[in-house]
2 protein chains.
Amino acid sequence: MPPPSAPVSPPRARVSARRQATRSRVLDAASEVFAERGFHGATVEEICERAGFTRGAFYSNFSSKDDLVIHLSTRQAEAVIERITAAARTEASPEAVLGAVFAALADEPGRHERSVLLTTEFTLHAIRDAGARRAWAAQQRRIREALVWVVDDAITSRDITLPMTTDQFVRVAMALTQGSMTQRLIEPGALERGELEQVVLPVLLGVSP
Amino acid sequence: MPPPSAPVSPPRARVSARRQATRSRVLDAASEVFAERGFHGATVEEICERAGFTRGAFYSNFSSKDDLVIHLSTRQAEAVIERITAAARTEASPEAVLGAVFAALADEPGRHERSVLLTTEFTLHAIRDAGARRAWAAQQRRIREALVWVVDDAITSRDITLPMTTDQFVRVAMALTQGSMTQRLIEPGALERGELEQVVLPVLLGVSP
DNA sequence: CGTATCGGATACATACTTGTATCGTGAACA
DNA sequence: TGTTCACGATACAAGTATGTATCCGATACG
């Protein structure tokens with residue numbers, strides 16, 4: 001047995017910066033490839049290639065492809081929450097805040113709607129894999145909670161009453177952005193970005209246009 | 001050149017009943033397996049096995065897996081349109097008709113929400129494959145047209161004005177059912193079936209509850 | 001009743017993918 | 001400056017997929 005008071009070896013760093021960087025590059029590449037090819041269509045090989053590594057690096061950082069998806073979905077959900085809270089921090093009118101939140105929920109600007117594609121991909125994968133389902137459901141819940149918080153804040157400060165519970169409103173908003181953006185990927189021009197905020201949002205808020 | 005007036009050979013049947021039956025069984029099996037495993041995850045082998053055939057039968061009826069998806073998505077869209085028009089034919093009140101149409105759009109009863117899963121799967125595949133995209137976009141358009149027709153009929157006979165164009169309304173409805181049912185697959189109990197018709201629909205119709 | 005052909009089975013060639021086991025190199029620490 | 005170990009590369013072992021080429025039996029027709 002090892003000497004009790006001698007810390008076996010405080011490793012060079014908790015997790016070295018280098019390791020962190022490779023993980024990040026692999027995750028970036030993975031988000032591209034998953035969006036382009038889907039979970040099964042994406043190969044570990046292509047992900048590593050695009051990240052500039054070989055599969056050796058991959059299996060040194062992730063235990064499997066499924067493991068990678070868990071990490072990736074977590075990171076993506078955190079990014080969404082980040083965008084939501086950032087949009088909420090702007091000192092604009094409550095309506096503007098809600099619009100911005102809608103937009104933030106939809107996708108990262110300039111990313112060619114990759115994020116919503118990934119979300120769909122994660123969801124489908126989660127339907128089929130129990131581990132991924134637990135993880136993804138937790139992430140979705142975090143996103144919903146962030147949204148409920150923001151929406152509650154916005155509507156009380158504007159002193160309006162939603163025609164449904166805030167939770168329902170948030171779920172509807174999420175389903176709607178998800179569904180409409182997916183549609184737009186096969187039929188550009190269908191239900192444009194702005195229409196959701198300008199046409200549907202007021203109706204859902206119960207505000208006469 | 002063949003003698004003009006002698007029809008070369010009116011084949012046994014345009015397409016023999018037996019062939020038709022096999023194709024149908026394969027399509028049924030395919031809709032199960034695609035829903036369970038996704039496009040890439042589904043193997044031709046498993047589809048055939050479940051249909052009670054070997055791959056020989058498959059490649060004798062379809063030229064490839066992609067070809068199968070095209071046929072399957074067409075069949076599925078036709079089923080949806082069938083359900084929609086059937087729901088519209090009921091001589092109920094316009095509100096009831098719209099509710100029924102919503103429900104019909106969502107899924108085939110008793111099919112464990114397989115249809116909406118397939119729809120998502122088709123959509124994702126269509127995003128990535130040009131051929132599938134053309135076919136699926138056409139099917140989606142047909143569904144929308146059927147919906148616009150029904151909705152227009154229902155609202156004029158009830159003499160109300162939508163707070164948006166009928167086309168927008170229909171797109172919103174489709175995005176919403178699609179998105180919410182997908183959510184429900186990973187988190188049962190989220191935005192229940194009835195809530196859409198009873199809570200959201202009236203709001204979208206611009207009717208005070 | 002013989003026969004052509006259709007429909008499906010079998011067998012095969014080929015290509016890919018995942019994951020493991022092993023090895024080498026360079027950075028950080030004593 | 002020597003040494004160790006972390007990190008990533010290389011090589012390998014299976015397993016699995018698609019699609020093709022060929023074969024065989026049943027069915028419909030003359």
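FYI, side chains are in, hydrogens and waters are out, and symmetry mates aren't considered; it's all heavy atoms of this structure. We name chains A, B, ... by the order of the sequence lines, and we start the count at 1 in each one. Everything numeric here is computed off the predicted structure, so don't read it as measured data.
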Would you call B:R55 and B:E45 a salt bridge, using N to O less than 4.0 angstrom?
-> yes
Start at the 5' end of DNA chain D and walk down; is the nucleotide closest to B:Y59 or to A:S60 reached first?
-> A:S60
Checking all strands, does A:T43 fall into the base, sugar-phosphate, or nothing category for heavy-atom contacts under 4.0 angstrom?
-> sugar-phosphate
Check whether any side-chain nitrogen or oxygen of B:N61 sits under 4.0 Å from OP1 or OP2 of C:dG7, and answer yes or no.
-> no
Taking B:R23 for its side chain and B:N61 for its backbone only, find out whether a donor-acceptor pair lies under 3.5 Å.
-> yes
So what does A:A42 hit on the nucleic acid, given a heavy-atom distance under 4.0 Å: a base, only sugar-phosphate, or nothing?
-> sugar-phosphate
Do the side chain of B:R133 and the main chain of A:I186 share a donor and acceptor less than 3.5 angstrom apart?
-> no
Euclidean distance, atom CD of residue B:E45 to atom C1' of C:dA9 [Å, nearest integer] = 12 Å
Of the nucleotides D:dC7, C:dG8, C:dG19, which has the atom closest to the A:K65 side chain?
-> C:dG19
Where the side chain of B:V44 is concerned, which of C:dG19, C:dG8, D:dT18 is the nearest nucleotide?
-> D:dT18
C:dG8 phosphate, OP1 or OP2, under 4.0 Å from B:T22 side-chain N/O | yes
Rounded distance in Å - CZ (A:R25) to C1' (D:dC7) = 13 Å
How long is the line joining CZ of A:R23 and P of D:dG8, in whole Å?
-> 10 Å
Which sits closer to the 5' end of DNA chain C, A:H40 or B:T54, going by the nucleotide each is nearest to?
-> B:T54
Out of D:dT18, C:dG7, D:dG8, which has the shortest distance to the side chain of A:F53?
-> D:dG8
Short side-chain N/O contact from A:S64 to OP1 or OP2 of C:dG19, under 4.0 Å | no
A:R19 atom CZ is separated from C:dG26 atom P, nearest whole Å, by 19 Å
Quickly work out the A:E49 CD to C:dT17 P distance and round it to whole Å.
-> 11 Å
Taking for each residue the nucleotide of DNA chain D with the nearest heavy atom, is it B:F58 or B:R18 whose nucleotide lies nearer the 5' end?
-> B:F58
Quick one: A:I47 CD1 to C:dC16 C1', roughly how many Å, whole number?
-> 15 Å
What one should report as the nearest heavy-atom pair of A:G99 and A:E197 is O-CG, 3.7 Å
Does B:F58 have B:K65 sitting over its ring (NZ/CZ under 6.0 Å from centre, angle to axis within 45°)?
-> no
To the nearest Å, how far apart are A:R55 CZ and D:dA11 P?
-> 12 Å
What's the CD-P distance between A:Q20 and D:dG8, to the nearest Å?
-> 12 Å
